[in-house]
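Have a look at the structure below before the remarks.
Hydrogens, waters and symmetry mates play no part in the numbers below; they use all other heavy atoms, side chains included. None of the values given here were measured: they were computed from a predicted structure.
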Amino acid sequence: MSAQPSEKPTGYPSKTLRAIRAAVPDDQRAAFEEGLSSLDLGDLGAVASFRDKWWGRAVTARDSDLDSDSDAAMAGDLELGQPWALAGRR
C-alpha cells in the first residue's frame with residue numbers, strides 16, 4: 001500500500017506541459033511560453049523543475065478561483081443560474 005493518493009485532486013491540471021499551458025492564467029501565459037521556448041528539452045531535470053513550477057502556479061490560480069466562489073457562496077452572492085432551467089433536464 002502506498003501513502004500517495006490514488007487519484008489527482010479534481011479540477012487540477014495533469015502534470016503535462018500541454019495541460020499546464022491550458023491552465024496557466026492568461027496574465028502569466030506569455031511568461032510560461034517564454035520560459036518554455038528557452039527550455040533545454042534534453043535536460044530532464046530542467047524540464048521537471050519548469051513543469052513543477054508552472055503546475056504549482058496553475059493550481060494556485062485554480063484554488064484562488066475556488067476560494068472566490070466559496071467566499072461568494074458564504075456571503076450569499078454566488079450566481080447559481082436559473083433552477084427552473086435545470087429542472088427540465090433528466
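- Here the closest non-hydrogen pair linking Phe32 and Val24 is CD1-CG2, 4.1 Å.
- Sequence neighbours left out, the pairs with a member in residues 32-49 that pass salt bridge (Lys or Arg N to Asp or Glu O under 4.0 Å) are Arg21-Glu33.
- Within the structure, salt bridge (Lys or Arg N to Asp or Glu O under 4.0 Å) pairs that include any residue of residues 45-55 comprise Lys15-Asp52 (at least two apart or interchain).
- Residues satisfying the side chain to side chain contact (heavy atoms under 4.5 Å, CB included) criterion with Leu44, sequence neighbours excluded, are absent altogether.
- Here Ala19 pairs with Pro13, Ser14, Thr16 under the side chain to side chain contact (heavy atoms under 4.5 Å, CB included) rule; sequence neighbours left out.
- Applying the side chain to side chain contact (heavy atoms under 4.5 Å, CB included) rule to Ser49 yields no partners; only residues at least two apart in sequence or on another chain are considered.
- Leu36 places none of its side-chain heavy atoms less than 4.5 Å from the side chain of Trp54.
- In terms of the salt bridge (Lys or Arg N to Asp or Glu O under 4.0 Å) criterion, Asp27 has no residue partners (sequence neighbours excluded).
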